[in-house]
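Because only heavy atoms are used, hydrogens play no part in the values below, and waters and symmetry mates are left out as well, while side chains stay in.
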Number of protein chains: 2
Amino acid sequence: METLFALTNGYMGIRGTFDEGTPAFQKGTLINGFHETWPIVYAESAYGYARVGQTIVNAPDGTLIRLYVDDEPFNLSQATLINFDRSLDTRTGILTRDVIWEMGSGKRVRIHSRRLVSLEHRHVAAISYEVTLLNADAPIVISSELVYQEETRPVEGDQRGSRAFAERVLLPKELLASGAKAILTAMTRTSRMTLACGMTHLIENDNSSSYDVKNLSRNERGRVVVSVQGTAGQRLCLTKVLTYHTSTSASLGELAEQADWSLDRALSLGFEGLAVSQQVCLNKFWDRADIEVRGDDEIQQVMRFNLFHIYQASARADGMGLPAKGLTGQGYEGQYFWDTEIYVLPFLTYTSPHMARNLLLFRYRMLDAARRRAREVNQQGALFPWRTINGEEASAYYAAGTAQYHIDADISYALMKYVEVIGDRQFLYQEGAEILIETARMWRSLGFYSSRVNDQFCINGVTGPDEYNTVVNNNAFTNLMARENLWAAAKTLQEIRDRNPERFTQLIHETKLAATEIDEWQAAGDRMFVPYDESVGIHLQDDEFLSKKPWDFANTPPEKYPLLLNFHPLVIYRHNVIKQADIVLAMFLLGSQFSLDQKRRNFDYYDPLTTGDSSLSVSIQSILAMELGYRDKAIEYLRYALWMDLADVHTNVDQGCHIASMGGTWMAVVYGIAGMREEDGRISFHPRLGQRIEGLRFHLTIQGQLLTVDIEGRKEQTTYLLREGSGLTIRHMHDELTLEPGKTVSLDFNFQEIH
Amino acid sequence: METLFALTNGYMGIRGTFDEGTPAFQKGTLINGFHETWPIVYAESAYGYARVGQTIVNAPDGTLIRLYVDDEPFNLSQATLINFDRSLDTRTGILTRDVIWEMGSGKRVRIHSRRLVSLEHRHVAAISYEVTLLNADAPIVISSELVYQEETRPVEGDQRGSRAFAERVLLPKELLASGAKAILTAMTRTSRMTLACGMTHLIENDNSSSYDVKNLSRNERGRVVVSVQGTAGQRLCLTKVLTYHTSTSASLGELAEQADWSLDRALSLGFEGLAVSQQVCLNKFWDRADIEVRGDDEIQQVMRFNLFHIYQASARADGMGLPAKGLTGQGYEGQYFWDTEIYVLPFLTYTSPHMARNLLLFRYRMLDAARRRAREVNQQGALFPWRTINGEEASAYYAAGTAQYHIDADISYALMKYVEVIGDRQFLYQEGAEILIETARMWRSLGFYSSRVNDQFCINGVTGPDEYNTVVNNNAFTNLMARENLWAAAKTLQEIRDRNPERFTQLIHETKLAATEIDEWQAAGDRMFVPYDESVGIHLQDDEFLSKKPWDFANTPPEKYPLLLNFHPLVIYRHNVIKQADIVLAMFLLGSQFSLDQKRRNFDYYDPLTTGDSSLSVSIQSILAMELGYRDKAIEYLRYALWMDLADVHTNVDQGCHIASMGGTWMAVVYGIAGMREEDGRISFHPRLGQRIEGLRFHLTIQGQLLTVDIEGRKEQTTYLLREGSGLTIRHMHDELTLEPGKTVSLDFNFQEIH
């Protein structure tokens with residue numbers, strides 16, 4: 001519940017713990033990128049291992065509001081509750097709790113609290129805490145606090161789990177307190193990041209009785225106490241405003257000033273003012289990003305829950321990355337993975353292009369660190385970190401970390417997709433070109449022309465997305481994506497040379513681009529080896545995949561999944577078993593490079609070997625199953641993906657929401673059910689909505705135009721409406737279709753047809 | 001020098017630090033198996049990883065003897081030395097130092113010290129420290145101490161390096177002091193091993209002046225101070241006796257008593273008495289184990305140095321293992337590896353069979369832990385630890401640790417070789433059978449019949465001896481050795497069934513041996529897949545070896561070796577480059593399974609790819625080069641192996657002697673130059689001594705008989721003499737030869753001939 005009810009805006013996140021602080025599983029106030037570094041210690045070390053561990057740090061908790069009535073503390077876990085209700089409204093972005101507490105004395109107290117993390121004001125969160133005495137008079141005391149938290153706890157058993165620190169990480173510096181305000185400043189021990197956070201309050205009392213406010217802040221703890229002699233029916237309302245500012249360079253004094261201003265400004269807006277701007281942001285979001293599901297309220301709800309969380313995770317990330325769990329929990333240590341580029345960027349590209357662009361820019365800024373990392377592992381160009389906060393590789397297990405060189409191709413792929421859909425050639429020619437040059441160089445230096453396979457270009461010793469087969473030769477996904485990367489680099493650089501010679505000259509200067517490089521990338525791409533087995537008629541996940549020992553699925557009971565928590569890596573690696581759809585993902589991302597027949601044979605072979613132990617798997621399996629006409633299977637996989645967090649399918653939602661899986665559900669609907677594909681910026685649809693869902697309606701932003709697609713399942717009809725824009729050509733099924741703004745076009749489709 | 005001059009007896013070892021304690025690089029008093037345990041922490045952990053780190057602990061230093069003349073301390077690094085000489089006599093086992101110190105006052109003092117670690121009295125070491133005033137009178141004070149040492153220091157950059165502890169490991173308990181004696185007891189913090197160590201003294205003064213002895217031991221420090229008013233020409237002689245007792249179970253009190261008795265007994269023998277028994281042990285050793293090299297004093301000396309160190313390392317290991325560095329340094333944390341079975345047991349089997357048997361028994365006692373470990377990695381039977389002290393797997397890097405399943409086959413191989421050469425069927429039927437059953441079971445469950453290669457038996461996901469190619473499929477060395485293991489188990493069990501039905505029944509009971517198992521082992525062995533490439537005409541080190549990228553040897557400067565310290569593992573793994581002879585080792589161990597032509601093709605292919613970054617490589621390369629007629633190369637490799645420690649070829653002798661490499665030099669001479677091979681207990685020789693060495697003479701114990709082989713290089717003649725025994729049949733070149741005791745037989749050979 002703490003994860004599911006977490007509120008974030010992409011910059012800061014507050015887990016859905018109770019205002020009173022208990023009971024709590026794991027409190028969390030997380031600031032994107034606010035992290036501690038630590039030297040990764042290896043029991044047996046080796047050259048080139050990642051050295052800088054990075055872990056998001058829990059900032060002081062400002063949600064604490066302790067309530068005393070008749071001097072009795074309100075303690076949720078022991079109180080007699082006449083009513084208890086908590087709800088998160090994805091339209092308003094407000095988390096509400098409504099409680100009626102019956103005291104031992106028979107007195108009843110209603111506590112109504114609302115919480116928001118502002119989507120408009122990046123550094124601001126607010127709580128409205130209303131106490132009403134229902135049937136008797138009583139003195140009321142509210143103690144509102146801002147306190148340092150317990151620090152990161154170790155999570156056992158998860159390869160990407162977080163880590164305990166031996167010493168306190170967040171070192172308190174100053175406490176500034178006056179009136180109803182308190183500001184704390186602090187610094188992380190090793191990474192030397194600075195933090196200022198603060199709270200301030202507004203007290204409203206709906207009768208005339210006087211109240212008393214004391215600022216009892218001291219040492220490391222901000223504390224403001226409100227006392228009032230309450231009477232029956234009286235409502236006491238406390239508005240608490242919180243702010244957080246962090247920096248890698250700004251001084252504590254500077255940050256404290258910023259915090260002070262934020263508090264004053266936010267308090268002047270009041271909770272209602274903040275709620276209004278919250279609503280404005282969300283209205284805009286839903287208008288362009290909603291998916292309406294008609295005829296199935298459950299799917300509708302979970303779909304919107306997922307979209308809400310992706311939005312929350314990215315809305316104000318601005319120049320930062322997207323942690324794998326958003327800011328809903330400390331899972332994966334608050335680090336950034338390929339999840340962003342492959343699972344979240346499609347959604348953002350089609351609904352909030354500027355956010356997609358921000359995230360790509362964030363990678364661009366990491367390029368220098370990636371260049372250094374490439375040198376460390378003996379490559380040219382740039383190798384992006386498999387997991388990171390500050391740009392340095394933080395993976396302490398190279399086989400499922402550094403070895404995932406495909407991260408370079410994933411970033412390039414997302415970049416090209418963004419450019420295709422949005423048409424942002426300015427970005428491509430500037431930042432994009434540099435990313436493409438350096439990633440192409442990495443691939444060129446990593447692989448080689450092997451005489452063993454007719455001088456095709458081979459890439460050895462890498463790990464694909466499937467972490468149950470590591471450090472393999474010619475992982476098909478990697479080779480295909482590397483080819484795409486090499487081609488994209490060659491094509492883009494040729495385009496810049498032809499269309500923007502000035503920029504081309506600049507690039508030669510900036511990146512020391514040699515005359516032969518473009519041709520070398522093209523050649524390496526053209527001659528890329530893609531492992532294929534003629535006898536079985538399938539692409540090989542890697543050279544050796546068919547040589548592995550079959551996994552004994554029949555004798556693997558459910559409690560032995562996920563396999564990574566129950567078998568030594570060597571046991572897993574030597575078997576024909578897959579953590580997440582690997583070739584299947586390639587067949588989705590690069591769909592036009594496979595025939596339908598080939599897709600079917602690959603899917604039929606690999607799908608039964610796929611455990612889905614990764615939350616990134618089922619959404620992609622759903623898309624391919626849908627394309628291949630395995631409708632029931634597609635819907636089953638989609639449901640797994642949809643409920644990943646709400647139903648805690650992988651029993652680890654306590655660590656945070658699976659943001660990538662949520663992005664995957666959007667893809668499973670848009671690419672799976674609506675059958676959308678894009679090629680060179682041309683969008684096509686092959687709707688496949690059956691009778692189980694009445695209708696689907698969603699919106700896409702394509703080259704600045706806003707398209708609404710509405711699919712009727714029973715009628716097997718799709719209606720297209722260009723809500724904004726000047727005209728857009730798409731394909732429906734096999735037909736080209738030019739849409740004019742404001743005019744709906746309805747066309748039939750055949751659910752059974754396989755394309 | 002501290003390593004090279006280290007004295008050990010296999011139970012305890014004292015590095016060759018100076019008596020006065022300074023200057024010192026790394027002091028060390030190491031007791032075999034006396035270790036601390038610690039939880040191995042992984043930055044990213046996974047199921048089944050080794051959990052118990054094990055590190056040998058430095059015991060209190062008893063070598064300290066501080067000398068003061070005229071109240072001036074004798075400080076080696078600052079003193080004016082008229083003479084300085086240190087020598088280790090491998091005949092007597094005594095380390096001698098002779099120094100003449102000229103003091104600022106012009107007074108000259110001769111200090112003559114001798115040190116031994118008793119080969120006869122396992123718990124005893126002794127120092128004789130003689131001070132002679134050469135030209136003037138002066139008061140002399142000698143302070144003799146027994147003190148706790150600095151604890152294990154980290155060694156950076158070596159995968160198998162040792163580790164620092166955050167807290168003190170060896171916790172002092174009691175100090176018992178009286179007369180000239182002091183005994184300390186201590187316990188390791190986590191492993192709870194107990195230690196008692198002590199010193200006592202005898203003072204001899206060759207004129208009648210009186211001396212004074214004070215026992216100043218207190219707290220954690222034993223200290224006995226001798227004062228005398230010396231006169232010119234006077235010699236003061238201090239005999240210091242040391243003892244060490246350790247245990248996993250005995251109480252400190254018990255150990256202290258044992259230490260007390262040891263001290264009294266040793267002191268009653270005196271240094272000279274101990275020196276006599278030392279000589280007796282070494283006479284016996286050299287009589288049966290010496291290799292005489294005629295015509296090259298350098299090779300002679302280094303050869304004997306190596307043999308002496310192997311003997312020291314194993315002499316009184318008794319029920320313990322053989323650390324990779326013996327007890328000459330803390331490298332590899334004092335742990336036991338396959339080094340013992342493959343590199344040292346041949347020498348011991350042929351020269352000190354009871355030591356070989358002890359070491360095999362040591363593995364037998366580890367069987368229960370190995371059974372548990374097999375379960376952890378999902379296998380049946382037993383999987384011996386790749387590195388260990390206490391029987392638990394201690395490898396924190398599975399790719400070059402746990403994945404080296406070949407350890408099981410190495411142990412079985414050494415066992416069968418011991419049985420063949422010694423004829424010890426009692427051992428085979430008792431302990432040996434159990435080892436064979438459990439290791440065969442492990443192989444049977446690890447591999448599988450693969451339809452991809454005609455239903456041959458494949459073993460995937462293992463690492464062979466070559467740690468530059470890890471987690472591969474069908475490592476040829478592993479498969480061949482596993483086959484040998486499976487065959488040996490099947491054959492032995494059939495033999496027991498036929499010849500000793502009672503024992504067979506017992507084994508069925510003890511090991512739950514199923515009726516079908518023996519046939520299954522035989523079948524798995526018979527159908528073992530051995531990767532071979534028809535096009536190149538070579539055995540493949542593993543399935544994928546030929547698919548790797550060529551290593552750019554031409555552009556790898558010398559300072560980039562060893563590669564493991566200069567390249568990320570992934571970089572190394574994806575290239576055609578070898579750390580140590582892998583297939584070449586298989587071709588030596590299982591020579592009869594390859595044709596000469598095959599050996600040549602394999603050697604010619606793999607040898608240029610072999611960096612020799614492992615000290616275990618060159619000796620084996622030498623043997624094969626010799627067999628193939630590459631005489632110069634063979635001698636070059638032999639010289640590398642011989643001088644590994646004395647010339648510090650790998651620049652890491654500071655961490656201890658390479659005991660396995662030393663064993664390898666014995667093999668390179670006996671198997672390489674003398675061309676010895678054994679098959680089913682029948683020994684053959686194909687001498688290949690050229691003109692560079694005049695003659696070679698060595699001794700072998702074969703089935704209780706003692707054979708001396710003398711090879712004349714110039715005459716191309718070999719003389720065999722059965723010094724003990726009743727008659728032995730061997731082969732010389734292509735001829736069978738029956739030797740009678742006491743009669744020499746001289747036969748010619750042709751140096752140029754290739755067999």
| field | Structural part of Phe567(B) lying under 4.5 Å from a heavy atom of chain A | value | both
| Counting heavy-atom pairs under 4.5 Å to chain B, which of Gly447(A), Ser451(A), Pro550(A) comes out on top? | Gly447(A)
| said: With a 3.5 Å distance limit and no angle check, can you tell me whether Asn460(B) reaches the backbone of Ser547(A) through a side-chain donor-acceptor pair? | reply: yes
| said: Check this for me: Glu520(B), atom CD, are more than 12 non-hydrogen atoms of other residues, nucleotides or ligands nearer than 6.0 Å? | reply: yes
| query | Between Ser45(B) and Tyr397(A), is any pair of side-chain heavy atoms under 4.5 Å apart? | reply | no
| request: Please state whether the side chain, the backbone, both or neither of Ile40(A) comes within less than 4.5 Å of a heavy atom of chain B. | output: side chain
| query | Could you walk me through whether Arg452(A) and Asp533(B) pass the side-chain contact (heavy atoms from CB on, under 4.5 Å) check? | reply | CA-CA 11 Å; Arg452(A) 296 289 291 178; Asp533(B) 186 88; 2.8 Å; yes
| task | Count the heavy-atom pairs under 4.5 Å between each of Gly48(A), Ala396(A), Cys458(A) and chain B, then report the option with the highest count. | result | Ala396(A)
| request: Measure the spacing between CG of Asn473(B) and NZ of Lys548(A) and express it to the nearest 0.5 Å. | output: 6.5 Å
| query | Which answer fits Leu446(A), side chain, backbone, both or neither, if we ask what part of it has an atom under 4.5 Å from a heavy atom of chain B? | reply | both
| message | Please classify the contact between Val471(A) and chain B as side chain, backbone, both or neither, with a heavy-atom cut-off of under 4.5 Å. | response | side chain
| query | Tell me, side chain or backbone of Leu563(B) under 4.5 Å from chain A's heavy atoms, or both, or neither? | reply | neither
| Atom group of Ala50(A) that falls short of 4.5 Å from chain B, counting heavy atoms | neither
| request: May I ask you to check whether over 12 heavy atoms, not counting those of Glu392(B), lie within 6.0 Å of atom CD? | output: yes
| task | Can you tell which part of Tyr405(A) gets under 4.5 Å to a heavy atom of chain B, answering side chain, backbone, both or neither? | result | side chain
| request: Heavy atoms only, distances under 4.5 angstrom: which of Asn378(B), Ile572(B), Leu570(B), Val571(B) has the most pairs with chain A? Name it, please. | output: Leu570(B)
| remark: The reported gap from OH in Tyr47(A) to NZ in Lys560(B) (rounded to nearest 0.5 angstrom) is 5.5 Å
| field | Gln379(A)/His568(B) under side-chain contact (heavy atoms from CB on, under 4.5 Å): CA gap, chis, key distance, verdict | value | CA-CA 11 Å; Gln379(A) 304 308 332; His568(B) 191 287; over 6 Å; no
| message | Does any backbone or side-chain atom of Ser395(B) lie under 4.5 Å from a heavy atom of chain A? Answer side chain, backbone, both or neither. | response | both
